[in-house]
2 protein chains.
Amino acid sequence: MEKQTVTIYDVAREAAVSMATVSRVVNGNPNVKPATRKKVLEVIDRLDYRPNAVARGLASKKTTTVGVIIPDVTNVYFASLARGIDDIAMMYKYNIILTNSDENGGKEVQVLNTLMAKQVDGIIFMGNQVTPELRDEFKRSKAPIVLAGSVDEEQNQPSVNIDYVAAVAEAVKNLIDHGNRKIAFVSGSMDEAINHDYRLKGYKKALKDAGIAYDDKLIFETDYTYKAGQALEPALMSTGATAAFVGDDELAAGVMNGLTDAQVAVPDDFEVITSNDTKLTELVRPKMSSITQPLYDIGAVAMRLLTKLMNNETVDDKTVILPYGLMKRSSTK
Amino acid sequence: MEKQTVTIYDVAREAAVSMATVSRVVNGNPNVKPATRKKVLEVIDRLDYRPNAVARGLASKKTTTVGVIIPDVTNVYFASLARGIDDIAMMYKYNIILTNSDENGGKEVQVLNTLMAKQVDGIIFMGNQVTPELRDEFKRSKAPIVLAGSVDEEQNQPSVNIDYVAAVAEAVKNLIDHGNRKIAFVSGSMDEAINHDYRLKGYKKALKDAGIAYDDKLIFETDYTYKAGQALEPALMSTGATAAFVGDDELAAGVMNGLTDAQVAVPDDFEVITSNDTKLTELVRPKMSSITQPLYDIGAVAMRLLTKLMNNETVDDKTVILPYGLMKRSSTK
DNA sequence: GCAAGAACTGAAAACGCTTTCATCCCAAAG
DNA sequence: CTTTGGGATGAAAGCGTTTTCAGTTCTTGC
């Protein structure tokens, strides 16, 4: 007993009107006599008619779904953005096709293609790096694409971010102001634009402003994982560093716990400041000082921007920069 | 210059074959002469033809997308399941429409409806409670629905879980074995089946087995948030409890940090054991002991089960129970 | 009471694909 | 040299909507 689906045609027949009219009432088109509308609505209700979104998508060339590419849902930072994205999407009646990319260029390209095949109306991309191949795909897309919490060196893609350079510079300056001279820079792969083109620049700027020489022995390139951070302790301490700027909260938690577990007192003997202000910063002890970012809003604004783009509204500025801050908690003096 | 889309018809014309043949080669139908296939493939490549998944979905009544309802992506527990779901989905060429429900019954029903309107081939539901209205919607769905890490009192829905009752009983027994007699039970709303019908039962069972009287003053019903946990400290201590079983890791982290911040030594003066074994357990100090669950696998198996259901394969057992464990870390003696 | 326009409504053509069914072709069998 | 049958192909009918365009039916203002 296959469940029977009722179509717009059934409604039209029952209500003794044309499909066109039914379509109109379903879509809230005002050009329908109230009496007719009422009649149709009753039939719709009686038959429990539900429009088939796929057919609708084919006919109207709009699917009211947007694709979201995320490195890993399990990453609290990106998940927070995703939450903002979904809320706004829902507010504007869009649905989200979410796919994990693992920051893998090949997978990203493939995912992008299936997203486009599914005729999504727009795409939000999160990831620390935009490979040239990916950039090419972006260009070929007829659906607008906006980057959320993600940068592209060639900034021709709409995006929502904070001023990473300034934020990192300020964070590092804070460390310097506390008397630290040897400050480690811990991040993910330097291949990623966000690291080499933004965070590192901010780091260098702060050093330069303070007249401290840059020393690449203090640069630690690793994975964005807790374990990786934890394992860094010996290497970190052997450099004589007394503080570290870390590019990811989970990584930072690892660094800090690794230190603590090795009897290095944070913040007394070693200060740590992190980047993303996710809830992890409050979970660990000491609580971690961090650059603050409006996580949810980055996602939300990105999605809002996307709705405008999908709607062909003119937007004044396609690359929006949200404000950041510095939250002093207990991992710094 | 609106980007032109090339259709199956264009390919057919260029290759001098019928649409049917093009469709066959695109879908890997073996009934195509190799020479023809090659010819078509060349044209496809030259024209850069990409099948329109929406049209395909309309014609074939299969969208190769499944809906996933999640309480909140930002919740590490559910996000971990989601990751397992997405990976397996991708493996089977499905995409995921992800929507946050906030455990809000009304929203869940609504979301379910839009998912069905979008003709998803299947649905995975995560949530701590299945309301009667929701259950009704489940029944009306022509797409198979499986619950992941989520229970329904009336167990007629395919699902993937662990044996919560036994797991909690074991966890609480562990606490009892350490000499605790007053053990708090901290969880989210008791309206949720998972709490009143599973966890609490396990808790009571452990008490009963040990001949300890149940005392509802020791039951704490709150939100699944860090802050809520943290705020619990005074109430918790005033009951004279010396240990707590907590139903969620973030909540547990809050409880533990709240205790610690109030100079209550964990585990010496108070033991804490939590439920979900997410990475949060390792982040906090002391690390939290926990029931272990194969988070990723719960999602993965649920998705695998769903593929079978969508494929009309006969599955022997529609409710699968995965093994759990107990991981002793440092929040218990 | 009538013309002119506005407000409604319906017929039918897309939308881009899958799938059924009929047809055709050709190799193998007799 | 037929017959037979299976493999390869194409024509065309959907799939369930939206949307255009051409009516048709009301309202108004005179």
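Chain letters run A, B, ... following the sequence lines, proteins first and then strands; every chain starts at 1.
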Indicate whether any N or O donor in one side chain lies under 3.5 Å from an N or O acceptor in the other, for [X] and [Y].
X       : Y       : answer
R50(A)  : N113(B) : yes
K118(B) : T64(A)  : yes
Y224(B) : D72(B)  : no

*Where do Q129(A) and E103(A) come nearest, in terms of heavy atoms and distance?*
N-OE1, 4.2 Å
*Using a cut-off of 4.0 Å between protein heavy atoms and nucleotide atoms, how would you tag nucleotides 7-20 of chain D 5' to 3' with B, S and -?*
-SBBB--BBBBBBB
*Donor-acceptor pair, N75(B) side chain versus F78(B) backbone, under 3.5 Å?*
yes
*Rounded off to whole Å, could you give me the CD-to-C1' distance for the Q119(B) and dC17(C) pair?*
16 Å
